[in-house]
Amino acid sequence: MKYRLIALCMALAVLLSGCRFLPDSYVSVSPHADSYPQQTEEALTVEDYTELKNALLALVEEGVEEAELTTGAYSGDIEQDYATAVAYITGINPMGAYVVDSIDKEIIRAGTYYKLNLKIRYRRSHAELAKAMTVRGSIGTRNAVAAAVAESSERLLLRISGYDQMDFDAMVAELSAQDITRVMAKPTVSAEVVPNSGSVRIVELDFTYPRDPAELRVMQSAVNTIMNSAYGYVRFVKSDLERAILLYSFLTERHDYIVQSSETPAYALLCEGIADSRAFAEVFGVMCNRSMVKCTVVHGMKNGEPYEWNILELESGTWHVDVLADEQAGMREPSLRTDAEMGGYSWDAQAYPVCSGPVAPAEPQENGQTDAQNPAETPEAGANGGQTPTEQEDAESEPPSENPGSDLPPAPLEPELPPEENLPEPEISP
């Protein structure tokens with residue numbers, strides 16, 4: 001009787017405790033709480049290298065920090081396969097290379113079975129990776145970087161397919177110089193590219209500006225407003241020479257300028273009255289091109305020092321214009337010069353248009369008419385793609401959709417009211 005009572009008590013103890021004895025199996029139980037690392041609820045079983053690698057990838061994709069793997073009759077050397085799989089995930093797989101810091105393991109052998117206790121440490125979150133912009137090749141990357149520097153962004157994360165080696169320092173420098181009215185200040189850039197090989201890479205770019213990015217965005221808004229005003233100032237002027245003269249006046253009469261370089265050249269010129277030859281040439285060039293006056297910025301030398309000025313390609317001819325020198329001389333209109341009149345200046349003549357002065361008049365035809373007078377070549381009303389002359393003039397007066405030859409996104413244009421002289425006369429009742 002005594003032994004029966006002992007056996008019964010032991011049976012009740014086992015039932016009340018809820019314990020079970022399971023031979024050759026491993027169970028991982030972890031409490032669910034936000035303060036605990038994420039863990040797998042039960043052990044995963046792998047039998048070879050492919051299953052081991054896929055299991056590790058799945059754990060990384062789910063952001064698991066602690067996990068347990070078991071094996072049955074494993075095919076291969078588990079130690080070597082583990083090292084190969086981890087090297088693939090942290091050095092070749094783009095997602096793993098970006099988010100994983102390390103994968104530590106403890107391998108326990110139990111007869112013919114193995115148990116792997118894993119701890120995965122992450123250096124970045126999956127939420128960060130989810131914000132990456134997907135682009136393709138160098139063109140897609142360049143467009144994304146151009147938009148970032150134009151917006152004074154501090155960080156850009158890209159997932160690049162068809163990756164090719166890129167010099168991000170040179171790219172940012174070129175884009176910053178392309179249109180100083182869109183990029184307020186040239187940033188420095190640091191780039192981290194992972195993994196080290198492969199056609200798909202994760203690229204993290206961090207931009208550092210000489211001014212606070214929020215301040216630069218305020219500056220950009222002010223510059224955009226002035227540039228839109230300049231376009232409106234010459235919008236209804238038909239002659240490209242007259243537009244160029246008016247833009248020169250618009251620019252040079254804003255301030256009594258101090259000749260000095262600035263880390264925010266466009267804003268300093270337009271809003272503070274501080275500028276050097278580069279600021280004048282670059283801003284005048286953008287104003288002209290946006291107003292349909294073909295204008296090139298020349299990067300050359302003046303009196304042995306680096307210097308910039310413009311070349312205007314007008315209907316009447318091609319000319320050099322030095323806005324800074326003319327402004328300092330107090331000229332009301334820009335001085336138009338030929339190549340021969342540019343004493344003290346030097347430039348790569350092969351890289352820029354020849355400035356030979358006014359265009360020669362058209363040769364008369366055998367019947368005594370010039371090309372412009374030949375009635376056979378004079379378009380009839382309603383030509384030009386079905387537009388009437390009035391419609392064509394209106395189309396020419398519209399702003400260009402984007403800055404030609406620029407990778408930067410187009411500047412926003414503010415709505416403009418028509419000039420008072422173009423408003424309809426009020427009707428008067430008899």
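- Under the 4.5 Å side-chain criterion, counting only non-hydrogen atoms from C-beta, Arg290 is in contact with Asn228.
- Note that CZ of Arg136 is 11.5 Å distant from CD1 of Ile160, once rounded to the nearest 0.5 Å.
- For the pair Arg235 and Tyr231, the cation-pi criterion (under 6.0 Å, within 45° of the ring axis) is not fulfilled.
- Between Arg211 and Glu215 there is a salt bridge, since at least one side-chain N of the basic residue sits less than 4.0 Å from a carboxylate O of the acidic one.
- With values rounded to the nearest 0.5 angstrom, Glu154 atom CD is found 7.0 Å from Asp212 atom CG.
- Considering every non-hydrogen atom in both Ala222 and Tyr267, the closest pair reads CB-CE1, 4.2 Å.
- For the pair Met287/Tyr233, no side-chain contact is recorded, criterion being any heavy-atom separation below 4.5 Å from C-beta on.
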Q: Show your reasoning for whether side chain to side chain contact (heavy atoms under 4.5 Å, CB included) applies to Val193 and Met166.
A: CA-CA 10 Å; Val193 182; Met166 303 178 200; over 6 Å; no
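- Here the side chains of Asn143 and Val135 are not in contact, with every heavy-atom distance at 4.5 Å or above.
- Using a 4.5 Å heavy-atom cutoff, the side chains of Val293 and Val234 are not in contact.
- Within the model, atoms OG1 of Thr181 and CD1 of Ile226 stand 11.0 Å from one another, a figure rounded to the nearest 0.5 Å.
- Asn310 and Cys295 get closest at one heavy-atom pair: ND2-SG, 3.5 Å.
- With a 6.0 Å radius and a threshold of 12 heavy atoms from other residues, nucleotides or ligands, Asn196 has its CG atom at or below the threshold.
- The two residues Thr296 and Glu313 have their closest heavy-atom pair at OG1-OE2, 4.0 Å.
- Between Arg121 and Asp104 there is a salt bridge, since a side-chain N of the basic residue sits under 4.0 Å from a carboxylate O of the acidic one.
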Q. Given the rule in the side chain to side chain contact (heavy atoms under 4.5 Å, CB included) test, do Asp326 and Thr252 qualify, once you have shown the distances and angles that lead to the verdict?
A. CA-CA 9 Å; Asp326 293 345; Thr252 58; over 6 Å; no
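- In this structure, the side chains of Thr141 and Tyr163 stay at 4.5 Å or more apart for every pair of heavy atoms.
- Put simply, the side chain of His299 never gets that close to the backbone of Glu308: no donor and acceptor are under 3.5 Å apart.
- Formation of a donor-acceptor pair under 3.5 Å by the Ser221 side chain with backbone atoms of Arg217 is not found in this model.
- For the pair Leu157 and Tyr98, the minimum side-chain heavy-atom distance is below 4.5 Å.
- Contact detail for Arg337 and Cys355: the closest heavy-atom pair is O-CB, 4.1 Å.
- The OG1 atom of Thr71 sits 6.5 Å away from atom CD of Glu47, with the distance rounded to the nearest 0.5 Å.
- Under the 3.5 Å distance criterion, the side-chain polar atoms of Gln220 are left unmatched by any main-chain donor or acceptor of Val183.
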Q | Worked verdict on Thr70 versus Thr45 for side chain to side chain donor-acceptor pair (under 3.5 Å) | A | CA-CA 5 Å; Thr70 64; Thr45 301; 3.2 Å; yes
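- Closest heavy-atom contact between Thr338 and Glu341: N-OE1, 2.8 Å.
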Q | Glu315/Leu241 under side chain to side chain contact (heavy atoms under 4.5 Å, CB included): CA gap, chis, key distance, verdict | A | CA-CA 8 Å; Glu315 295 173 358; Leu241 175 58; over 6 Å; no
Q: Output, in order, the C-alpha distance, side-chain angles, deciding distance and verdict of side chain to side chain contact (heavy atoms under 4.5 Å, CB included) for Leu270 and Arg254.
A: CA-CA 7 Å; Leu270 295 172; Arg254 293 189 62 81; 4.2 Å; yes
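- Under a 3.5 Å cut-off, the side chain of Tyr82 and the backbone N or O of Leu52 do not form any donor-acceptor pair.
- Ring geometry, Tyr209 versus Phe207: the interplanar angle falls from 30° to 60°, so the pair is classed tilted.
- To the nearest 0.5 Å, atom CD1 of residue Ile103 and atom CD1 of residue Ile120 are 5.0 Å apart.
- Of all heavy-atom pairs spanning Leu156 and Ala148, the tightest one is CD2-CB, 4.1 Å.
- Comment: Arg123 does not engage Glu204 in a salt bridge, judged by the lack of any side-chain N to carboxylate O separation of less than 4.0 angstrom.
- Side-chain contact check for Leu269 versus Tyr257: some heavy-atom pair is nearer than 4.5 Å.
- Residues Trp309 and Tyr345 bring their aromatic ring centres within 6.0 Å.
- A salt bridge links Arg142 and Glu174; the closest N-O separation between the charged side-chain nitrogens and carboxylate oxygens is under 4.0 Å.
- One distance of note links NZ of Lys115 with CD1 of Ile107; it measures 12.5 Å at 0.5 Å rounding.
- Within the 3.5 Å criterion, the main-chain N or O of Val64 finds a donor-acceptor partner in the side chain of Tyr122.
- Other residues, nucleotides and ligands contribute only 12 or fewer heavy atoms inside 6.0 Å of the NZ atom of Lys294.
- Contact annotation: the side chain of Ile89 approaches that of Leu57 to within less than 4.5 Å [non-hydrogen atoms, C-beta and beyond].
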